[in-house]
Number of protein chains: 2
Amino acid sequence: MNKDIDLIIDKENEKCPVETALDVIDGKWKILILWYLRRDTKRFNELQKQMPKITQKMLSQKLKELELDGIINRVVYPEVPPKVEYSLSDYGKSLKPILKQLYFWGEKHKKNKEI
Amino acid sequence: MNKDIDLIIDKENEKCPVETALDVIDGKWKILILWYLRRDTKRFNELQKQMPKITQKMLSQKLKELELDGIINRVVYPEVPPKVEYSLSDYGKSLKPILKQLYFWGEKHKKNKEI
DNA sequence: CGGAATCCGGATTGATACTG
DNA sequence: CAGTATCAATCCGGATTCCG
């Protein structure tokens with residue numbers, strides 16, 4: 001796990017694995033959603049509360065995409081009022097090391113970015 | 001470094017460090033550019049060759065943004081034909097662990113994503 | 001020649017309102 | 001509560017053009 005990326009040779013004519021990863025977690029919202037799902041199941045509403053700047057539309061859309069990619073599970077409880085719970089699938093959990101690195105980096109460099 | 005992200009408590013009313021990180025590497029192209037710059041200096045043209053699908057415009061734009069964020073260095077050689085070299089700054093190099101995780105993840109899950 | 005700037009059509013995203 | 005619908009704004013891609 002401590003291989004140095006400096007030693008990795010880019011293969012010609014082959015999709016870079018970094019790109020493969022990015023295909024799945026493209027954009028800002030997806031990673032943020034995964035972050036808030038990292039520990040436990042969350043309802044639509046809870047997620048929205050934790051990401052005040054995402055719109056309902058985007059949240060709904062990104063959740064759908066993540067579900068289609070098999071990264072999160074979506075469970076609907078047929079109740080009134082409706083209740084839908086989202087959680088990381090096992091596949092999604094495999095992204096945790098990435099989330100971890102993003103967290104640590106942000107934590108370390110937060111001060112530099114204060115405007 | 002092996003702290004478990006499960007133990008991290010989200011603070012209310014404070015920007016999540018993950019978000020801080022995402023502010024800097026937002027979008028797909030930036031990370032890919034950083035990936036190709038991870039080892040050595042590259043010219044505009046070389047980067048474009050390694051990322052066949054990026055347009056000149058996007059490449060130029062993203063490089064500029066990365067430069068403004070202090071993540072890469074841009075050196076112009078006043079020659080004809082012109083020559084511009086891009087490389088990771090020290091700040092940019094601090095992102096390598098993130099690139100590394102993305103690479104490993106992509107490497108591991110590539111097979112699942114073949115269509 | 002390598003790289004940046006411009007213009008334009010199409011895709012993504014955002015704001016707001018509304019529904020099962 | 002958990003989403004859609006609609007429309008405006010913004011971003012992206014492609015082609016072209018410009019400049020040193």
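Within every chain, numbering begins at 1; the chains are lettered A, B, ... in the order of the sequence lines, protein sequences first and strands thereafter.
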Go through the side-chain N and O atoms of A:Lys100 and B:Gln101 and say whether any donor and acceptor fall under 3.5 Å apart.
-> no

Mind listing the residues from residues 78-88 of chain A sitting with a heavy atom below 4.0 Å of DNA chain C? Number order is fine.
-> A:Pro82

DNA chain C contacts made by residues 57-64 of chain B, counting heavy atoms under 4.0 Å | B:Lys57, B:Ser60, B:Lys64

What are the 5'-most and 3'-most nucleotides of DNA chain C lying under 4.0 Å from any heavy atom of chain A?
->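 Listing 5' to 3', DNA chain C meets chain A from C:dT13 to C:dG20.
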
To the nearest Å, how far apart are B:Phe44 CZ and D:dC19 P?
-> 18 Å

Rounded to the nearest Å, what distance is computed from the CG atom of residue A:Leu66 to the C1' atom of nucleotide D:dG3?
->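 Checked: the CG to C1' distance equals 16 Å.
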
ring-ring contact (aromatic ring centres under 6.0 Å, His included) with B:Tyr103: which residues, sequence neighbours excluded?
->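 B:Tyr103: ring-ring contact (aromatic ring centres under 6.0 Å, His included) contacts with B:Trp35.
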
Who are the ring-ring contact (aromatic ring centres under 6.0 Å, His included) partners of A:Tyr86, not counting sequence neighbours?
->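 ring-ring contact (aromatic ring centres under 6.0 Å, His included) list for A:Tyr86, sorted by chain: empty.
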
Using the side chain to side chain donor-acceptor pair (under 3.5 Å) criterion, which residues pair with [X]? Sequence neighbours excluded.
X: B:Asp6; value: A:Lys96
X: A:Ser94; value: B:Trp105, B:His109
X: B:Glu19; value: none
X: B:Arg38; value: A:Asp10

With sequence neighbours left out, write down each residue that passes side chain to side chain contact (heavy atoms under 4.5 Å, CB included) with B:Lys83, or none if nothing qualifies.
->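 So B:Lys83 forms a side chain to side chain contact (heavy atoms under 4.5 Å, CB included) with B:Arg43, B:Tyr77, B:Glu79, B:Glu85.
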
Extract all donor-acceptor atom pairs below 3.5 Å that involve side chains of residues 54-68 of chain B and protein atoms in other chains or at least two apart in sequence.
unit_1  : atom_1 : unit_2  : atom_2 : d
B:Thr55 : OG1    : B:Met58 : N      : 3.2
B:Glu65 : OE1    : B:Lys30 : NZ     : 3.1

Looking at five pairs on each end of the helix from C:dC1-D:dG20 to C:dG20-D:dC1, what is the angle between the two axes, given to 10 degrees?
-> 40°

